[in-house]
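Some notes on the structure that comes next.
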Amino acid sequence: MRVVDLSLGLVPRKTALLAMVLLSGVGLTALPMTTSAQESLKRRQVTAVPGAITQSEASIVFSRIERTFFRLSKINRTLPSLPKSSQAATRSEMLTRMVLIVNELKGEFRFTPKRIPYDPSTITVKAPARAQVERLIAWGFVAKTSPLVTGSQETLNPVEFGDAIGLFISRMADLTHTPSSKWSPYMSGGN
């Protein structure tokens, strides 16, 4: 069992609870956040966890993401299940699953995001998935310089996987909820 420490105090409580739920699906155990203000300001050392994310871990995380977003969007649909084995999950499997989720929820997007510029020469994903990856990058679902897109290895470790999933979830939440025009000036044509 892998252990992740969420007691930095810099993470909002709701975000930490969501992280604990998602991490519990991949065999990670999150330590509870401290309640004392003094303890929450102390930084604790977080150790890197070796090894690649397995197909069963990725399957659990993606099924929870799908279930949550489909329920919130009132979509009565399930995607075909991912393989559940102890083999390492590949980047292409993860990217393909992200594309399927985006395609299912595209009708729920509240606005069209500005395209994010990127350097196509840095992408190490090969065809036929390359066109899909470029769309995910342009819409902001994956980072343009992340190990998921530019990595030399075909697998991701837990930290890299967590970063990719966190960005994907936050962008999906951003696009499926209408922001306030008061706090989001880009919605009304501002910068």
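Quick note: numbers below take in every heavy atom, side chains included, and nothing from hydrogens, waters or symmetry partners.
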Self-check item: Taking every non-hydrogen atom, the tightest pair across A52 and E57
Solution: O-OE1, 4.2 Å
Exercise. Considering non-hydrogen atoms only, spot the tightest contact between S73 and L105 and give its length.
Key: OG-CD2, 3.7 Å
Quiz item: Can you check whether F161 reaches M94 side chain to side chain, under 4.5 Å on heavy atoms?
Solution: yes
Exercise. Work out which heavy atom in I123 is nearest to a heavy atom in V133; give both atom names and the distance.
Key: CG2-CG1, 4.4 Å
Practice problem: Would you give the length of the straight line joining atom OG1 of T155 to atom CD of Q55, rounded to the nearest 0.5 angstrom? | Solution: 11.5 Å
Quiz item: How long is the span from the CD atom in E134 to the OH atom in Y118, to the nearest 0.5 Å?
Solution: 3.5 Å
Quiz item: What pairs with L175 under side chain to side chain contact (heavy atoms under 4.5 Å, CB included), at least two apart in sequence or on another chain?
Solution: F109, F111, P113, W139, F141, R171
Quiz item: What residue pairs, at least two apart or across chains, pass salt bridge (charged side-chain N to carboxylate O under 4.0 Å, His left out) with a residue in residues 138-164?
Solution: R91-E154
Quiz prompt | Value rounded to 0.5 Å, distance of CD1 in I169 from CZ in R64 | solution = 11.5 Å
Quiz item: Rounded to the nearest 0.5 Å, how far apart are CD1 of I101 and CE of M172?
Solution: 6.5 Å
Quiz item: When hydrophobic residues are tied together by side-chain contacts of less than 4.5 Å, even through go-betweens, does F62 share a cluster with L167?
Solution: no
Quiz item: Is a donor on one side and an acceptor on the other found under 3.5 Å between the side chain of T124 and the backbone of S152?
Solution: no
Quiz item: Does the pair L82 and E93 meet the rule for a side chain to side chain contact (heavy atoms under 4.5 Å, CB included), with working shown?
Solution: CA-CA 9 Å; L82 290 168; E93 291 170 344; 5.6 Å; no
Quiz item: Below 4.5 Å, heavy atoms only, C-beta onward: do L72 and T176 meet side chain to side chain?
Solution: no
Self-check item: Distance-minimising heavy-atom pair for L148 and A164
Solution: CD2-CB, 3.9 Å
Self-check item: Minimum heavy-atom distance V149-A143, with the two atoms named
Solution: CG2-O, 3.6 Å
Quiz item: If every non-hydrogen atom of A58 is compared with every non-hydrogen atom of I53, which pair is closest and at what distance?
Solution: N-CG2, 3.9 Å
Quiz item: How many angstroms lie between atom CD of E108 and atom CD1 of I75, to the nearest 0.5 angstrom?
Solution: 4.5 Å
Quiz item: Given side chains that start at C-beta, do those of I65 and R97 come closer than 4.5 Å, heavy atoms only?
Solution: no
Quiz item: About how many Å separate CZ of F70 and CG of L79, when rounded to the nearest 0.5 Å?
Solution: 4.0 Å
